[in-house]
Amino acid sequence: CHGFSSIPSRKPLASSKRRTRQISPLLPILFEGGDGHYFEPVTSSKTNDKSSLKIQPNSRQKSISRGRDPIISLNMNLDYLAKSNQKDAAFRAEELLLRIEALHEDGYYEKSPDVCSYNCVINAFCLDSSRYGHGGIGRRGGVVMSTVRGYKNNNSKDQEGTLEEYATTNEELIGGATSNAERLIQRMMQKGLTPNDITYNTLLRCISKDMDLVGRENLNNQSKRRDNRSNPKTESKPSASVSTRTTQTHQNLLVQKAESILSKMEDLQIANTISYNTMISILSKQQHPTSHNSNNNNKNQAEESVRQAEACFHRMLSLSTATSDERIQPDTCSFNSLIGAYAKIGASIPGAKERAIRAEDLLRQMENLYRENPEGNKSVKPDVVSYSSVVSAYAKASMWGEEGCALKALEILKMMEELYEGGEEGVKPNKRTYTAVINAFARTGQPENAEMILSNMKRRYELSRDVSLKPDTICFTSTIDAYAKKGGEEAAERAENLLHEMENLYNMGDKDVKPNTRTYSAVITAMGKSGLPRAAEKAEQILDEMEYISSHGSKDLAPNTILYNAVIDAYARSTTIGKCNRAELLLERMIEESNNGNMAIRPDTITFNSVINAAARSSFGDYDVRKEAYMIGLNAFKSLHRSDYCQPSSITYVLFLRVLENLMESEESRDYMAGKVFELCRKHNLVNDAVVSQLKKTCSHDTFYVVTSSQCTHRK
């Protein structure tokens with residue numbers, strides 16, 4: 001059984017001592033009678049490798065007399081591998097399982113692997129799925145079966161034929177935790193083993209993990225598409241709508257599979273609370289498109305996923321009531337899964353406030369159940385996840401300008417603080433809870449309340465030194481962003497002060513509050529909206545400092561397109577003379593750098609629009625200044641239309657019509673240009689109410705009537 005002994009390390013080892021150290025996790029099965037034999041490392045004079053294993057006489061009796069069960073030893077090792085976080089842990093666990101089966105068939109084992117053995121391997125693939133993702137087994141190329149065939153080279157052809165068939169099946173798998181789990185379940189049933197509740201619950205967990213993976217892959221694809229749009233040399237990829245549909249189709253298949261598994265468990269009467277909780281979690285992970293062009297459809301899809309999660313929850317509740325079966329009684333995790341389903345839906349999808357209210361209703365239901373019988377209903381006691389999820393739901397609802405939602409999030413936060421101070425350790429607010437409330441106030445234009453929450457966090461941390469309450473970069477940046485959204489002189493001053501506080505703390509050794517690009521972008525935006533003299537120049541100074549710092553090692557602070565756009569916008573809003581010249585210089589720097597390979601600052605549509613806006617706002621000054629501003633705006637307008645990596649938007653035409661209105665003095669020339677611009681806008685199918693309204697302000701009444709009449713005729 002020399003091949004068996006080399007499972008943990010595929011490379012030959014130089015000494016028996018080193019071999020023992022390498023395979024220490026498997027010592028119970030290899031060296032202490034795990035398979036009914038007792039193996040001992042001995043020196044062999046017949047081989048150059050001075051280590052081998054031999055079977056000692058009567059070792060089976062010695063092992064059994066010590067009370068060791070070989071399958072228990074096997075299962076302990078499989079469980080160890082599953083939870084070890086080692087590379088290829090799942091494949092190594094399956095390899096070990098197959099080796100023991102092979103040894104049993106050859107008579108070395110009196111017992112064969114049992115249901116627990118298979119459950120351990122299935123769990124290994126579930127835990128390993130975050131590393132390999134979909135297609136993981138395909139990348140391995142059937143390594144499990146090739147190793148087994150290597151061990152059984154001298155065995156019967158019939159047995160090898162069976163293994164070859166299994167190897168073929170193995171290589172045809174598409175991969176993923178779910179596929180591997182189903183494959184193992186099919187094999188264990190072929191071996192005469194009956195899957196139990198742990199088997200099916202682990203399979204449901206595999207589906208849940210694969211739902212996460214599909215969602216992450218979709219986000220990664222969206223990020224790659226954004227990069228592709230900024231790099232014309234990259235081959236074209238499927239559109240966002242196609243990718244989203246593919247993701248939804250894949251997730252729908254996984255949901256259908258999970259529902260069929262749960263139904264089967266109900267038929268077998270082995271479904272339990274874990275089964276339903278996992279199913280609710282799976283349903284809550286369904287992703288929905290966030291395009292504002294189809295808000296009603298998005299809302300319907302979001303509501304459908306929540307409705308399915310609710311139906312599963314009530315199904316468990318009704319079964320528990322009807323049967324009085326404690327195995328399927330809803331617990332804190334059940335309620336949290338459903339509350340999480342409401343909170344996970346994107347803030348841009350309508351109905352966020354209604355979802356937050358429903359989440360809070362569930363929280364109140366948990367509180368009432370627990371208060372009715374604190375001893376008997378401990379399993380439904382709300383915890384920090386329960387309260388924080390409701391806070392998150394209200395924070396998302398505040399995106400729609402609902403000030404009451406931000407105050408509601410604050411109310412729940414204060415309730416958590418009071419409960420914790422009263423001795424309820426399980427509801428202690430954490431960093432994520434506080435950050436959610438800060439974001440809620442940021443979205444509703446209440447930066448003072450956001451900073452109040454930040455100050456509260458700092459005070460609590462200073463008193464307790466509890467790291468879970470220590471403000472970090474995200475907390476500070478969210479507060480600065482709140483001031484940036486409000487605008488004004490005072491907001492810019494507070495944003496800059498918070499930035500200086502972060503920089504001082506970081507320079508003193510606090511690595512948790514290091515400012516990042518989003519932090520600086522928020523400060524620059526606040527400056528741009530302040531209206532203060534030389535605010536734009538200060539914003540550009542921050543940009544230059546970031547360029548310098550990043551060129552000397554801090555690559556994470558390298559400016560990106562968003563930062564450049566913020567500075568250009570700051571110039572557009574300023575009263576600086578020659579501001580459009582500064583905006584144009586920044587645009588030229590971006591184009592030059594991106595042409596040299598720095599794609600992080602490749603201009604986008606917003607960049608060109610900001611330069612055009614800077615020109616439109618340069619209506620003061622003499623004739624030469626106004627003429628130069630007009631030419632800068634015209635060049636940016638033309639460059640955007642010639643660009644092969646970004647396209648004009650309806651805002652582009654609104655802004656350039658404003659350039660004509662403010663800078664072109666000749667009414668005849670202005671009417672002519674306005675007509676041409678509107679025709680170009682119509683050609684790109686970007687005409688909307690804002691464009692028509694600006695056209696009316698730009699050209700004469702007669703020209704407006706002629707141009708818009710031709711538009712109506714074209715539509716007919």
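Closest non-hydrogen pair, V437 versus A409, comes out as CG2-O, 3.9 Å. Taking both residues in full, the closest heavy atoms of V390 and A359 are given as CG2-O, 3.8 Å, listed atom of the first, atom of the second, then distance. Y506 and V513 make their closest contact through N-CG2, 4.0 Å (heavy atoms, listed as atom of the first residue, atom of the second, distance). Closest non-hydrogen pair, A343 versus K396, comes out as O-NZ, 2.6 Å. In plain terms, the two heavy atoms of M279 and C312 that are nearest each other are CG-SG, 3.6 Å. Between I438 and C475, the closest heavy-atom pair is CD1-O, 4.2 Å.
In this structure, a donor-acceptor pair under 3.5 Å is present between the side chains of S388 and T433. Judged purely by distance below 3.5 Å, without hydrogens or angles, the side chains of D210 and T178 pair a donor atom with an acceptor atom. Using modelled atom types, one finds a donor on one side chain and an acceptor on the other under 3.5 Å when comparing Q308 with E304. The closest side-chain donor-acceptor pair between S610 and N613, if any, does not fall under 3.5 angstrom. Between the side chains of Y276 and E266, at least one donor-acceptor pair of N or O atoms lies under 3.5 Å. Using modelled atom types, one finds no donor on one side chain facing an acceptor on the other under 3.5 Å when comparing Q269 with D325. The closest side-chain donor-acceptor pair between T561 and D604, if any, does not fall under 3.5 angstrom.
Contact check for K381 versus E424: side-chain heavy atoms found under the 4.5 Å cut-off. Annotation: side chain of N272 is in contact with side chain of N201 (closest heavy-atom distance under 4.5 Å). Using a 4.5 Å heavy-atom cutoff, the side chains of E411 and Y394 are not in contact. In this structure the side chain of Q286 reaches within 4.5 angstrom of the side chain of N252, judged on heavy atoms. Between I345 and V306 there is a side-chain heavy-atom pair separated by less than 4.5 Å. At least one side-chain heavy atom of M546 sits less than 4.5 Å from a side-chain heavy atom of T517. Considering only heavy atoms from C-beta on, E259 stays 4.5 Å or farther from I282 through its side chain. Considering only heavy atoms from C-beta on, I274 stays 4.5 Å or farther from N277 through its side chain.
Note that CD1 of I562 is 6.0 Å distant from OG of S521, once rounded to the nearest 0.5 Å. One finds the CD atom of Q251 at 9.0 Å from the CG atom of D212 (value rounded to the nearest 0.5 Å). The CD1 atom of I328 sits 4.0 Å away from atom OG1 of T323, with the distance rounded to the nearest 0.5 Å. Note: S478 OG to L498 CG = 11.5 Å, rounded to the nearest 0.5 Å. The CG atom of D510 sits 13.5 Å away from atom CD of E503, with the distance rounded to the nearest 0.5 Å. Taken from CD1 in I601 to OG1 in T607, the straight-line distance is 10.0 Å, to the nearest 0.5 Å.
Salt-bridge check for K414 with E417: failed, with every basic side-chain N at 4.0 Å or more from each acidic carboxylate O. A salt bridge links R364 and E367; the closest N-O separation between the charged side-chain nitrogens and carboxylate oxygens is under 4.0 Å. Between D197 and R327 there is no salt bridge, since none of the side-chain N atoms of the basic residue sits less than 4.0 Å from a carboxylate O of the acidic one.
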Exercise for review: Kindly determine whether S455 and R459 satisfy side-chain contact (heavy atoms from CB on, under 4.5 Å), including the steps that lead there.
Suggested key: CA-CA 6 Å; S455 299; R459 178 179 60 82; over 6 Å; no

Exercise for review: Check the pair E360 / Y342 against side-chain hydrogen bond (donor to acceptor under 3.5 Å, both in side chains), numbers first and verdict last.
Suggested key: CA-CA 10 Å; E360 186 184 5; Y342 294 120; over 6 Å; no

Review point. S650 and N688: side-chain hydrogen bond (donor to acceptor under 3.5 Å, both in side chains), yes or no, with the steps?
Key: CA-CA 7 Å; S650 58; N688 58 20; 3.2 Å; yes

Point to revise | side-chain contact (heavy atoms from CB on, under 4.5 Å) assessment of L505 paired with E501 | key: CA-CA 6 Å; L505 288 170; E501 182 180 349; 4.1 Å; yes

Review point. Between L283 and S305, does a side-chain contact (heavy atoms from CB on, under 4.5 Å) hold up when you go through it step by step?
Key: CA-CA 6 Å; L283 292 168; S305 68; 5.9 Å; no

Exercise for review: Could you check L655 against R617 for side-chain contact (heavy atoms from CB on, under 4.5 Å), going step by step and ending with a plain yes or no?
Suggested key: CA-CA 10 Å; L655 292 173; R617 288 170 173 257; over 6 Å; no

Check your understanding: side-chain hydrogen bond (donor to acceptor under 3.5 Å, both in side chains) between S337 and S281: does it pass, once the steps are laid out?
Key -> CA-CA 6 Å; S337 295; S281 177; 5.4 Å; no

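Heavy-atom contacts from other residues, nucleotides or ligands closer than 6.0 Å to CD of E448 number more than 12. Counting heavy atoms of neighbouring residues, nucleotides and ligands inside a 6.0 Å radius, atom CD1 of I270 exceeds 12 of them. Taking a 6.0 Å sphere around CZ of R432, one finds it holds 12 or fewer heavy atoms contributed by other residues, nucleotides or ligands. Taking a 6.0 Å sphere around CD1 of I606, one finds it holds 12 or fewer heavy atoms contributed by other residues, nucleotides or ligands. Within 6.0 Å of the CD1 atom in I474, the count of heavy atoms belonging to other residues, nucleotides or ligands does not exceed 12. Within a 6.0 Å sphere centred on CG of D689, other residues, nucleotides and ligands contribute 12 heavy atoms or fewer. Other residues, nucleotides and ligands contribute over 12 non-hydrogen atoms within 6.0 Å of the NZ atom of K431. For E326, the CD atom sits in a loose shell: 12 or fewer heavy atoms of surrounding residues, nucleotides or ligands are nearer than 6.0 Å.
Every residue two or more places apart in sequence or in another chain was checked for a ring-ring contact (aromatic ring centres under 6.0 Å, His included) with Y434, and none qualifies. With sequence neighbours left out, R358 forms a side chain to side chain donor-acceptor pair (under 3.5 Å) with E303, E310.
Figure legend: cation-pi geometry between K378 and Y370 absent, as NZ or CZ is not positioned both under 6.0 Å from the six-membered ring centre and within 45° of its axis.
S208 places no side-chain N or O within 3.5 Å of a backbone atom of L204 that could act as its donor or acceptor partner.
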